[in-house]
Asker: 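Please find one structure pasted underneath; my questions will follow.
It should be emphasised that the depicted structure is a prediction, and the values quoted were computed from it without experimental measurement.
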2 protein chains.
Amino acid sequence: MTTTTVRKPKPRPTISDVARLAGVSISTVSRVLNDTAPVSEDVEQRVRNAVEMLNFTPHAAARNLAVRKTYTVGLLLPEVGNNFFAPLLRGVENAVRSSEYQLLVHASLRTPDDAPWRRTPVGEHNTDGMLVFVGSVEEEDLLRAHQRDFPMVLLFFRGPSSVNIPWVGFDNRTGLCQAVEHLVTVHQRRRIVYLRGPVGNADSEERESAFCETLERLGAPILPELFARGNYSAQGGEIAIQELLARSIDFDAVFTGDDESATGVMAALRRAGRRIPEDVALVGFDDLPFSAHLNPPLTTVRAPIERAGFSAANKLLSILAGETPEVATRLPVELVIRQSCGCVRQ
Amino acid sequence: MTTTTVRKPKPRPTISDVARLAGVSISTVSRVLNDTAPVSEDVEQRVRNAVEMLNFTPHAAARNLAVRKTYTVGLLLPEVGNNFFAPLLRGVENAVRSSEYQLLVHASLRTPDDAPWRRTPVGEHNTDGMLVFVGSVEEEDLLRAHQRDFPMVLLFFRGPSSVNIPWVGFDNRTGLCQAVEHLVTVHQRRRIVYLRGPVGNADSEERESAFCETLERLGAPILPELFARGNYSAQGGEIAIQELLARSIDFDAVFTGDDESATGVMAALRRAGRRIPEDVALVGFDDLPFSAHLNPPLTTVRAPIERAGFSAANKLLSILAGETPEVATRLPVELVIRQSCGCVRQ
DNA sequence: CGCTATTATGAAAGCGCTTTCAGCAACCAC
DNA sequence: GTGGTTGCTGAAAGCGCTTTCATAATAGCG
C-alpha cells in the first residue's frame, strides 16, 4: 500500500488569470461575467475570449462568500432510498431546477456524538434554506434554526405548535375516510387492521385518528388489538402482519399507511395462505408507481407526492425571494379503487 | 402583490464574535474548533462556552475557500425520480455519510443556452469530485473535466475510449445470457421481443449485443422486427408494446432492459388481452423492490443497484483520499426466476 | 542562572470572488 | 473654454475562515 499522498489537481484558473490574459482588472472581469455594469464592447470581447481560452469557471465558494449567499437549498431526508422519495425528489428537483438555486440532499442518520455542525451536514452554514422531511431533524434544532429566521419548509408535518413554520402535507382525512368507508360499507369488513407508520410520524397519526373517527361514525367497532406498527417499509409491514398472524388475531382487512408496507403485507399474507382480497382486503396509501401492478392491483389512496415536493420547493423559493407564502398547504388525496379491496375489474 | 423585498435574516455570528466573547484571537478559535494545534485547557473552555452561547456554526463557504476544498461530492443524474435511483441513492448516501464529504445531487436536464458553469450546476466549481450517471453529461464536458484531473467516477458507462475514467457497472452479459437461455430452452420461446433502453445507453447496448449472441449460440433466430425501443420508464414500455401489437407483430416473450419498463409492458399486454406468461413470457432487468410483487411476480435479472452506488461512491472517496483504485468495477448480476417467465411457484 | 527548546497565542496574509469608491476621459451645453 | 455629466475602468476593501510566521511565555538543561 502506498502512502496516501494527497492528490494534486491541476490548479484551476482564477479570475486574476483571466484578468491578466485580457489585460484588464479583475473588477472588469467580474462585471462582464455578471453583467453588473456597462463594459465597452472591445473589453468585453477580450474578457470573453480569455474566459474561453482558460476555460474559466468561477469558484462557487468564493462567490458565495462574497455575496453572502450559497444559492443552495437543502433537502433533509430521514433516510434515503425509499420509493416514496423518488417522486418527491423529482418534484423538488423540478422546482429547484428552474431557479438559480441548487439542491443539496442529505439523509440524516444523525450521529449525535459529532460536533453540532457536523451533526447536521446541511443547514444554515451551507444553504440558504431547507426542505425538512418529517423525522429528519430534532425539534430542538428546528426551533433554533427558526429562531434565526432561517428559511425552511416542512414536508409532511407541522413544526412544534409554538411556532408557525410553513409546511406542506396531504389532506389525509378525506382520503382515509373514503377508504375506510369503502372497506366497511361496500365490502362489509369489520375487523380492519390499521398499520401505523413510524412513531411520531404526523401523517400517520393524523391518519390513525381519522381512521378511528370514521369507524366510529360508521358504527364499526374500534378494536385495539388491530393496531399494529410498521415503519413505512416493506419489511416493517411484513413483520407486523406476521406477528398478528402468530398471535392468531383475527382480521378481514388491512389498511396500511403506505404502499411500501403493503407489499410486505402482501408477502406475509401470501406466505400464510391468506388470499387477497377474499380472506383479507388490503388498502394502501400513496399510490406509488408500482401499486397498480401489484398482485392484486392495490386499492390505495393516491397522494400527489411529486406535487408535494414541487409545492414545498416553490414555497421555499418564494420565501427566499422575500415573499411570504401561505403557511400551510394541504394537497388533496383521492381513493383509487383497484382490486385488493375486493372490487372486481370492471 | 407586495414588492419583493429581500428578506433580511438575522446576522449569523462569525468566528470574530466568538473570539471577542472568549477574549482570544480568531486563530485560537479556529484551533480549538478544528483541533489543529494545542490550546490551553482554560482557553479552550472559554472558546467552547462562547461557541455554545452564540450558537456559532462555521460558515462553510468561507472554510471551503480557505482550505481550497468543498468537502462535497456531486451526483449527476440524467433525470430524477426513477425508481432505479432510490436504491442507487441509498448506496451513495451510505458511502458518503461515513466520510467527511457531503452530497450534492443534481438532475441535469441541461439548458445549453446558459453560461457554461450554470449549464452544469454541479462540477469542478462546487465539488471535489463527481459521480456521473450515464447520460447526464456531454462527452465534451466529461473530457474537459478529466483533462483537469478532476476526480470522477462513472456510473453504468465507461467514458470515451480515449481516456480511462474509473467506472462501475453491471456484468450485463452473464445475467442476460442466463435469462435468454432460460426463455429459449426452458420455455421454448423463439420470438422474443428485446426492449431496448434509451439511445446511447451503454448498458442497454451491451445487453442487446449479449442478447443477440445468446440467441445465436442457442440457434434461435434473430428477428429484427422484434427489437423495440423503450426509455427505462413504464410509459416507454407500454407504448413500445402497443406499437408492436398495432403492427400485429407476433411474439411470445418480451425481454425488457429494466423492470420499470416491464410494468408498462404488463399494462399494455393486459389491455390487449394477452396473458402473462401463457401468451407471452416476460423477463426484466434490475429486480427493483416491487418486482417480486408484480402480477405475475416478475422474473428478472437482479442487479445490485445499491451496491453499485455504494461502490462508486467509495471509489470516488478513495480517489479523493489520494489512492488509485481499480478503474473498472463490474458487479455480478443473477437471474431471479419468478413467474412471469412461465415457471410456476414451487 | 544563562541559554536554548518548547509551547501557547496573536497578527496578518491569503483563499477567489464582489462591490464600493474614486479617477479619468470624453462629451455636452452654455 | 468652463463646469457638470456620463461612461468605463482599476484599486482596494471586504466576505469568514485557515494557516503561516513571529512573539511572548514557559520549561529544560548543563
Side-chain angles (χ1 to χ4, degrees), chain A residues 6 9 11-47 50-51 54-71 100 115 117-118 123-128, chain B residues 6 9-47 50-51 54-72 100 115 117-118 123-128:
Chain A
V6 171
R12 293 163 40 85
T14 75
I15 197 173
S16 311
D17 299 326
V18 176
R20 198 171 317 116
L21 183 58
V24 298
S25 74
I26 60 169
S27 329
T28 301
V29 175
S30 171
R31 283 193 271 258
V32 351
L33 255 28
N34 302 305
D35 194 28
T36 52
V39 166
S40 73
E41 188 74 10
D42 160 53
V43 167
E44 164 151 7
Q45 209 33 253
R46 276 179 11 234
V47 170
V51 166
L54 295 175
N55 215 309
F56 170 76
T57 270
H59 187 33
R63 181 169 213 284
N64 294 345
L65 185 57
V67 300
R68 278 107 154 279
K69 284 196 66 164
T70 66
Y71 287 104
E100 54 187 350
W117 68 90
R118 287 233 58 106
E124 307 176 59
H125 57 295
N126 57 4
T127 59
D128 295 340
Chain B
V6 172
K10 311 211 168 87
R12 294 163 39 85
T14 76
I15 197 173
S16 311
D17 298 326
V18 176
R20 197 170 319 117
L21 185 57
V24 298
S25 74
I26 61 169
S27 329
T28 301
V29 175
S30 171
R31 284 193 270 259
V32 353
L33 255 27
N34 302 305
D35 194 27
T36 52
V39 165
S40 73
E41 187 73 12
D42 159 53
V43 168
E44 164 151 7
Q45 208 34 253
R46 269 168 30 223
V47 170
V51 166
L54 295 176
N55 216 307
F56 169 76
T57 270
H59 188 36
R63 181 168 212 284
N64 294 345
L65 185 57
V67 300
R68 279 106 152 273
K69 284 196 66 164
T70 65
Y71 287 105
T72 306
E100 53 187 349
W117 68 89
R118 287 235 56 109
E124 306 175 59
H125 57 294
N126 57 4
T127 59
D128 294 340

Asker: What residues form a side chain to side chain donor-acceptor pair (under 3.5 Å) with B/Thr72, not counting sequence neighbours?
Answerer: none
Asker: Can you name the one residue among A/Leu65, A/Asn126, A/Asn64 that meets side-chain contact (heavy atoms from CB on, under 4.5 Å) with B/His59?
Answerer: A/Leu65
Asker: Can you tell if the side chain of A/Ser30 reaches within under 4.5 Å of the side chain of A/Leu33, non-hydrogen atoms only?
Answerer: no
Asker: Could you tell me the boundaries of the chain B footprint on DNA chain D, defined by atoms under 4.0 Å from its heavy atoms?
Answerer: D/dG16 to D/dT20
Asker: Return the set of residues passing salt bridge (charged side-chain N to carboxylate O under 4.0 Å, His left out) with A/Arg68 (not counting sequence neighbours), or none when no residue passes.
Answerer: none
Asker: Out of the candidates B/Ile15, B/Leu21, B/Asp17, only one should pair with B/Phe56 under the side-chain contact (heavy atoms from CB on, under 4.5 Å) rule; please name it.
Answerer: B/Ile15
Asker: Side chain to side chain donor-acceptor pair (under 3.5 Å) with A/Thr127: which residues, sequence neighbours excluded?
Answerer: none
Asker: For residues 13-22 of chain A, which residues have at least one heavy atom under 4.0 Å from DNA chain D?
Answerer: none
Asker: Taking only residues two or more places apart in sequence or in another chain, which ones pass side chain to side chain donor-acceptor pair (under 3.5 Å) with A/Asp128?
Answerer: A/Thr70
Asker: Excluding sequence neighbours, so at least two apart, what forms side-chain contact (heavy atoms from CB on, under 4.5 Å) with B/Ala66?
Answerer: none
Asker: I'd like a table of atom pairs between the protein and nucleotides 8-10 of chain C - only N or O on both sides, under 3.5 Å - with the distance next to each one.
Answerer:
residue, atom, partner, partner atom, Å
C/dT9, OP1, B/Ser40, OG, 2.8
C/dT9, OP2, B/Ser40, N, 2.8
C/dT9, OP2, B/Ser40, OG, 3.4
C/dG10, OP2, B/Ser25, N, 2.8
C/dG10, OP2, B/Ser25, OG, 3.1
C/dG10, OP2, B/Thr28, OG1, 2.7
C/dG10, N7, B/Arg31, NH2, 2.7
C/dG10, O6, B/Arg31, NH1, 3.4

Asker: Looking at residues at least two apart in the chain, or sitting in another chain, which of them share a side chain to side chain donor-acceptor pair (under 3.5 Å) with A/Thr14?
Answerer: none
Asker: Please tabulate the protein-to-nucleotide N/O contacts below 3.5 Å involving nucleotides 24-26 of chain C, giving atom names and distances.
Answerer:
none

Asker: For A/Ala22, check side-chain contact (heavy atoms from CB on, under 4.5 Å) against everything at least two apart and list the hits.
Answerer: A/Val24, A/Arg46, A/Val47, A/Ala50
Asker: State, to the nearest 10°, the angle formed by the axis through the first five base pairs of the helix from C/dC1-D/dG30 to C/dC30-D/dG1 and the axis through its last five.
Answerer: 40°
Asker: Rounded to the nearest 0.5 Å, how far does CZ of A/Arg12 lie from CG of A/Asn55?
Answerer: 10.0 Å
Asker: Between A/Val39 and A/Arg31, what is the shortest heavy-atom contact and its length?
Answerer: CG2-CB, 4.0 Å
